[in-house]
Amino acid sequence: MAEKEASAARKEPITPVARPRVRGLDLLRDPLLNKGLAFTLEERQILGVHGLMPPAQLNQEQQVYAVMENFHRWQNDLDRYIYLMALQDRNEKLFYKVVSENVELMMPVIYTPTVGLACLKYGLIYRKPRGLYITIKDKGHVSDVLSNWVIDEVKAIVVTDGERILGLGDLGCYGMGIPVGKLSLYTGLAGIKPHQCLPIMLDVGTNNETLLKDPLYIGLRQKRESGPKYDEFIDEFMTAVVGRYGPSTLIQFEDFGNHNAFRLLEKYRRGYCTFNDDIQGTAAVAVAGILASLKITKKSLRQNVFLFQGAGEASIGIAKLLVMAMKESRMSEAEALGKIWMVDSRGLIVKNRPSGGVTGEKVMFAQDAKPIDKLGDVVKQIKPTAIIGAAAVPGAFNEQVLKDMAANHERPIIFALSNPTSKAECTAEQAYQHTEGRCVFASGSPFKEVTYGGKKYSPGQGNNAYVFPGVALAVIASDIRVITDEIFLESAKLLADMVTEENLAEGRVYPPLSNILEVSTKMAVRLLEFAYKNKDAHLHPEPADKEAYIRSLQYNTDYDSFIPPMYSWPESNM
Ligand SMILES: NC(=O)C1=CN([C@@H]2O[C@H](COP(=O)(O)OP(=O)(O)OC[C@H]3O[C@@H](n4cnc5c(N)ncnc54)[C@H](OP(=O)(O)O)[C@@H]3O)[C@@H](O)[C@H]2O)C=CC1
Ligand SMILES: CC(=O)C(=O)O
Ligand SMILES: [Mg+2]
């Protein structure tokens, strides 16, 4: 009898039975097995933990209640972060149950903005290691360090070298908070099993003098390594990952410095299962936001002019994907490029720049125009329909910029994408206030609902968290080995399609975060269809029911039972 029919015949769900290899205190100290007071009396006896905890038994729902009581009791988000990390280290299922049931409350704590503060203070709040630390001193022995990670079934790695942590700059080894946070979202937002995820810090030193003098600093106390030695180290790391976990292992690059991010992506993107989240994930989420915005502004892509504040990983990534989207909507590349303007630390990017020209990724976006120094003057002159901030310059979208945007267009698009909140180009309140409530607003870090003129506005969170978990789930599920830009464009379109009329009426250009597990799941299902259509998937045979297949892979935050099933031998065997 098929498993499903057998289950129906029993008229009860099949409860997975866990068979732990450890007992007693060791079991309680293992966050993958520990259920705290939720162990039943029978389990306590079988597992040798009876008496090692108070006699009360709580179910998981009661435990979630207790966690939330504690969560609210703390006075600030850094304390809440420390509390939640301790919970993750103590009882993984409970941690993820709490996160997935309270995404809107938990995201600002385990992710931006609080994770930024946590990284700044990582030495102070460091309790227990999570993930793997590989240093430049381990060069030549990276495989050995990787082999110390005892879990064999790793499917995804988020790696950083800590050089550009959010908009906070070089935080060296303190940057480990980012891979840890991103992978918590792999599970919390997409249901990827936590033991399949591995956060890695490649510690090559730091150029942050404050950290080098910080008595609590937990990283290598040396200047950042660069040049051939750095490149050889990264090469060794990539090879070691494939050697240990195979060519299908997803490697997400996160918060590398600009000078390394683009070239490492270019170097590895065809030979490894890798992507750069700051370039490609961000591109998808921003393009999705723009596509959804068009339903509010009632303009086509062609009718827009985009101005970027910043021309780094995020901005260039978004601009390139935007060009792809415009080409799909039958614009020529030249026409598309003509719609995109960028301002970097030296002003408007133009072809004949007096101050040293334009290089690298910026070249394709250099306009044939006169140089302008200030963002405000650029806004006045080119009258963009959309301004997108990703330069970590807080307040760059000042009152005048916002007022000019509102004067030039009925529904201006304002995306303040820099993280954390302290680096945002403007607040949600400023955006609505200075555009008389007419702007379409999104921000990289969350802002609370704003009331302006008696009306409530719900700002959307334009953060790559809407994209990387779903993409990762699809990549892992269908064994995609090369992650193309087409996959990110498809993710952007799928995400934009998931914004409902009701969301748009509230001014939201992203689906509510409370629904994000479903959003990531649906995205993964549709990316699977896309991957098979484009022959990007290596898993064969192709799953017939892709949704059922994806859901079958997802993490279940409900506790497993430790009670072995009772059965008797058939008579004939006696
Ligand atoms: N919402 C989201 O999902 C994401 C948000 N981000 C955020 O975006 C920000 C930037 O990240 P990223 O692009 O990776 O960083 P980069 O370092 O790659 O780029 C920063 C860019 O900002 C420019 N810049 C610096 N100062 C100014 C200034 N005064 N005026 C105009 N431009 C300036 C730099 O100019 P120059 O080139 O001349 O040095 C550079 O082009 C960060 O805050 C990050 O947290 C990043 C990824 C995702
Ligand atoms: C969100 C993100 O990836 C960043 O700010 O770097
Ligand atoms: Mg990032």
Measure the shortest side-chain to side-chain distance between [X] and [Y] over non-hydrogen atoms and say whether it is less than 4.5 angstrom.
{"X": "E153", "Y": "H195", "result": "yes"}
{"X": "S248", "Y": "C273", "result": "no"}
{"X": "V241", "Y": "F237", "result": "yes"}
{"X": "R353", "Y": "I349", "result": "yes"}
{"X": "Y133", "Y": "L202", "result": "no"}
{"X": "Y174", "Y": "Y217", "result": "yes"}
{"X": "C173", "Y": "M201", "result": "yes"}
{"X": "D536", "Y": "V482", "result": "no"}

Charged N-O contact under 4.0 Å between [X] and [Y]:
{"X": "D89", "Y": "R130", "result": "yes"}
{"X": "D203", "Y": "K137", "result": "no"}
{"X": "D255", "Y": "R164", "result": "yes"}
{"X": "K97", "Y": "E92", "result": "no"}
{"X": "R526", "Y": "D497", "result": "yes"}
{"X": "K362", "Y": "D344", "result": "yes"}
{"X": "E547", "Y": "R551", "result": "yes"}

Looking only at atom types and distance, does a side-chain atom of [X] sit under 3.5 Å from a main-chain N or O of [Y], one as donor and one as acceptor?
{"X": "Q554", "Y": "A190", "value": "yes"}
{"X": "H538", "Y": "I480", "value": "no"}
{"X": "Y466", "Y": "P511", "value": "yes"}
{"X": "T114", "Y": "I110", "value": "no"}
{"X": "Q196", "Y": "V154", "value": "no"}
{"X": "D214", "Y": "L216", "value": "yes"}
{"X": "K535", "Y": "Y532", "value": "no"}
{"X": "T421", "Y": "S445", "value": "no"}
{"X": "R224", "Y": "D161", "value": "yes"}
{"X": "N102", "Y": "L105", "value": "no"}

With distance as the sole criterion, is a donor-acceptor pair present between the side chains of [X] and [Y] under 3.5 Å?
{"X": "E425", "Y": "S418", "value": "yes"}
{"X": "N464", "Y": "D277", "value": "yes"}
{"X": "Y111", "Y": "K182", "value": "yes"}

K121 atom NZ: more than 12 heavy-atom contacts under 6.0 Å: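 No.
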R330 atom CZ, neighbour heavy-atom count above 12 within 6.0 Å: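 No, not enclosed.
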Distance-minimising heavy-atom pair for [X] and [Y]:
{"X": "Y510", "Y": "A442", "answer": "CE1-CB, 3.9 Å"}
{"X": "T187", "Y": "C197", "answer": "OG1-SG, 4.4 Å"}
{"X": "M176", "Y": "P199", "answer": "CE-O, 3.5 Å"}
{"X": "G310", "Y": "S315", "answer": "O-OG, 2.9 Å"}
{"X": "Q309", "Y": "A396", "answer": "NE2-CB, 3.4 Å"}
{"X": "V467", "Y": "M523", "answer": "O-SD, 4.1 Å"}

Test applied, side chain to side chain donor-acceptor pair (under 3.5 Å); reference residue, R269; option that passes from D485, T274, T484, N276: D485
Criterion side chain to side chain contact (heavy atoms under 4.5 Å, CB included) on L185 and F468, from CA distance to verdict: CA-CA 9 Å; L185 301 193; F468 68 78; 4.0 Å; yes
If you take the centroid of each ring, where Trp contributes its six-membered ring, are [Y] and [X] closer together than 6.0 Å?
{"X": "Y555", "Y": "Y96", "result": "yes"}
{"X": "F275", "Y": "F253", "result": "no"}
{"X": "Y126", "Y": "Y122", "result": "no"}

Taking atom [atom1] of [X] and atom [atom2] of [Y], what is their separation to the nearest 0.5 Å?
{"X": "L168", "Y": "L117", "atom1": "CG", "atom2": "CG", "value": "9.0 Å"}
{"X": "L32", "Y": "K93", "atom1": "CG", "atom2": "NZ", "value": "9.0 Å"}
{"X": "D77", "Y": "L84", "atom1": "CG", "atom2": "CG", "value": "9.5 Å"}
{"X": "L189", "Y": "L513", "atom1": "CG", "atom2": "CG", "value": "7.5 Å"}
{"X": "R481", "Y": "T249", "atom1": "CZ", "atom2": "OG1", "value": "9.5 Å"}
{"X": "N419", "Y": "N463", "atom1": "CG", "atom2": "CG", "value": "5.5 Å"}

Stepwise side chain to side chain contact (heavy atoms under 4.5 Å, CB included) check, T135 with V204: CA-CA 6 Å; T135 80; V204 297; over 6 Å; no
Test log, rule side chain to side chain contact (heavy atoms under 4.5 Å, CB included), inputs Q222 and I136: CA-CA 10 Å; Q222 64 166 65; I136 191 78; 3.7 Å; yes
Chi angles and distances behind the side chain to side chain contact (heavy atoms under 4.5 Å, CB included) call for V525, Y549: CA-CA 9 Å; V525 172; Y549 168 63; over 6 Å; no
Residues E163, H259; criterion side chain to side chain donor-acceptor pair (under 3.5 Å); working and verdict: CA-CA 10 Å; E163 189 168 9; H259 61 117; 3.0 Å; yes
Identified salt bridge (Lys or Arg N to Asp or Glu O under 4.0 Å) partner of D235 from the options K229, K267, K139: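 Exactly one pass, corresponding to K267.
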Within 45° cone and under 6.0 Å: K493 NZ/CZ vs F530 ring: no
